[in-house]
Amino acid sequence: MAKIFITSYLAGTQQKLLEFMSKTDNVQDQILFITTAANVESYTKYMADGIKMLQNLGYKLDFLDIAAKNELTCYQKIEAAKIICVAGGNTFYLLQAIKQKSLLTLLRHKILKDCLYIGESAGGIILSKNIRYCETMDDKSLAPDLENDASLNVIDFFPLPHYIEKPFIEPVKEIFEVYKCQINLVPIDNKQVITILNDDIKIY
């Protein structure tokens with residue numbers, strides 16, 4: 001069964017992550033930490049904060065940049081992982097890298113059946129069926145080889161991270177107004193999370 005933790009800002013939700021982990025049967029201390037979405041971001045302190053937080057909690061991180069590694073290396077690391085954490089950044093760039101390395105099916109299977117998944121911002125958005133809705137927030141031109149916006153289709157809703165949080169106040173407001181009657185948007189600010197455990201979905 002899926003064990004999913006979605007956050008806008010990982011370092012800002014430490015206590016909620018601890019609570020979530022305590023409810024799972026996880027005994028692993030190693031996390032496959034996927035950094036790819038941050039490759040095209042000028043500001044990446046949020047990722048450094050998340051890394052420091054996880055390390056302070058005692059987790060050992062195995063870093064993976066899908067865009068930089070070959071398909072076999074990516075496949076083997078994801079296949080072996082029991083906890084996967086996908087850091088935030090540009091969602092379109094992240095999805096492009098996943099598709100270029102033919103990892104969509106493997107990731108979907110792992111998240112649904114075989115691992116605990118932590119998704120920060122872009123890492124949460126890619127769980128939805130299609131990421132087109134976040135184009136106002138993320139620059140799609142940074143993923144010129146992305147042929148379509150179809151994503152992992154793990155969840156039946158659409159996370160909207162950084163809700164009314166600087167510097168995303170205007171983009172998220174626009175997304176909400178445009179899509180609120182079209183898709184099932186679930187806005188969360190930088191201190192809220194969405195958790196899925198044994199088909200039980202909580203937003204808090």
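Worth saying up front: this structure is predicted, and the values here are computed from it rather than measured.
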Euclidean distance, [Y] [atom2] relative to [X] [atom1], rounded to 0.5 Å:
X	Y	atom1	atom2	answer
Met47	Phe63	CE	CZ	8.0 Å
Asp29	Lys60	CG	NZ	4.5 Å
Leu95	Asp149	CG	CG	7.5 Å
Asp156	Asn184	CG	CG	7.0 Å
Ile83	Phe33	CD1	CZ	12.5 Å
Ile6	Ile188	CD1	CD1	7.0 Å

**Q.** side-chain contact (heavy atoms from CB on, under 4.5 Å) evaluation trace for Gln15 with Glu19
**A.** CA-CA 6 Å; Gln15 190 56 42; Glu19 292 169 7; 3.7 Å; yes
(Q) One pair to check against side-chain contact (heavy atoms from CB on, under 4.5 Å): Leu116 and Met21. What are the steps and the verdict? (A) CA-CA 9 Å; Leu116 189 152; Met21 289 296 205; 3.5 Å; yes
Q: Classify the ring geometry between His162 and Phe168 as parallel (under 30°), tilted (30 to 60°) or perpendicular (over 60°).
A: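 Because their plane-to-plane angle is under 30°, the rings of His162 and Phe168 count as parallel.
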Q. In terms of heavy-atom contacts, does NZ of Lys129 have more than 12 from other residues, nucleotides or ligands at under 6.0 Å?
A.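 It does not: Lys129 NZ has 12 such atoms or fewer within range.
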Q. Just wondering, more than 12 heavy atoms not from Gln182 lying within 6.0 Å of its CD?
A.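 Counting neighbours around CD of Gln182, more than 12 heavy atoms of other residues, nucleotides or ligands fall under 6.0 Å, so yes.
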Can a side-chain donor-acceptor contact be found between [Y] and [X] if the only test is distance below 3.5 angstrom?
X	Y	value
Tyr9	Asp49	yes
Thr91	Asp138	yes
Asn39	Thr36	no
Ser8	Ser121	no

Q: Step by step, work out the side chain to side chain donor-acceptor pair (under 3.5 Å) result for Ser128 and Ser151.
A: CA-CA 6 Å; Ser128 59; Ser151 194; 5.3 Å; no
Going only through I, L, V, M, F, W and Y residues with side-chain contacts under 4.5 Å, is there a path from [X] to [Y]?
X	Y	result
Val193	Leu18	yes
Leu72	Ile78	no
Ile4	Leu104	yes
Phe20	Val154	no
Ile126	Leu112	yes

Do [X] and [Y] have side-chain heavy atoms sitting under 4.5 Å apart?
X	Y	answer
Pro161	Ile125	yes
Ile31	Asp62	no
Ile201	Phe157	yes
Leu152	Leu107	yes
Asp145	Gln100	yes
Asn130	Asn153	no
Ile183	Tyr133	yes
Leu10	Cys85	yes

What's the shortest heavy-atom distance between [X] and [Y], and which atoms?
X	Y	answer
Ile155	Gly124	CD1-O, 4.4 Å
Lys101	Ile66	NZ-O, 2.6 Å
Ala67	Tyr93	CB-OH, 3.5 Å
Ala11	Gly50	CB-N, 3.9 Å
Ile84	Cys115	CD1-SG, 3.8 Å
Gln28	Tyr59	O-CE2, 3.7 Å

Q.
As a test of understanding, state which of Leu32, Leu127, Leu94, Ile111 forms a side-chain contact (heavy atoms from CB on, under 4.5 Å) with Val86.
A.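 Answer to the side-chain contact (heavy atoms from CB on, under 4.5 Å) test with Val86 among Leu32, Leu127, Leu94, Ile111: Leu94.
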Q. Stepwise, does the side-chain contact (heavy atoms from CB on, under 4.5 Å) test hold for Phe5 with Thr13?
A. CA-CA 10 Å; Phe5 184 91; Thr13 51; 3.9 Å; yes
Between [X] (side chain) and [Y] (backbone), is there a donor-acceptor pair under 3.5 Å?
X	Y	result
Lys110	Ala81	yes
Lys99	Asn148	yes
Asn198	Asp200	no
Tyr46	Gly88	yes
Gln76	Thr73	no
Lys16	Tyr204	yes
Glu120	Thr7	no
Asn90	Leu142	no
Lys191	Gly12	no

**Q.** Qualifying residue for side chain to side chain donor-acceptor pair (under 3.5 Å) with Lys3, from Asp25, Asn26, Asp114
**A.**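 That would be Asp25; it is the only one of Asp25, Asn26, Asp114 passing the side chain to side chain donor-acceptor pair (under 3.5 Å) with Lys3.
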(Q) Taking the six-membered ring for Trp, are Tyr163 and Phe176 closer than 6.0 Å centroid to centroid? (A)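 Between Tyr163 and Phe176, the centre distance is under 6.0 Å.
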Q: Please report the C-alpha distance between Arg132 and Glu135 in whole Å, then the side-chain angles of each, then the deciding distance to 0.1 Å, and finally whether the salt bridge (Lys or Arg N to Asp or Glu O under 4.0 Å) criterion is met.
A: CA-CA 6 Å; Arg132 186 179 303 118; Glu135 191 168 356; over 6 Å; no
**Q.** side-chain contact (heavy atoms from CB on, under 4.5 Å) assessment of Val172 paired with Leu160
**A.** CA-CA 7 Å; Val172 296; Leu160 181 56; 4.2 Å; yes
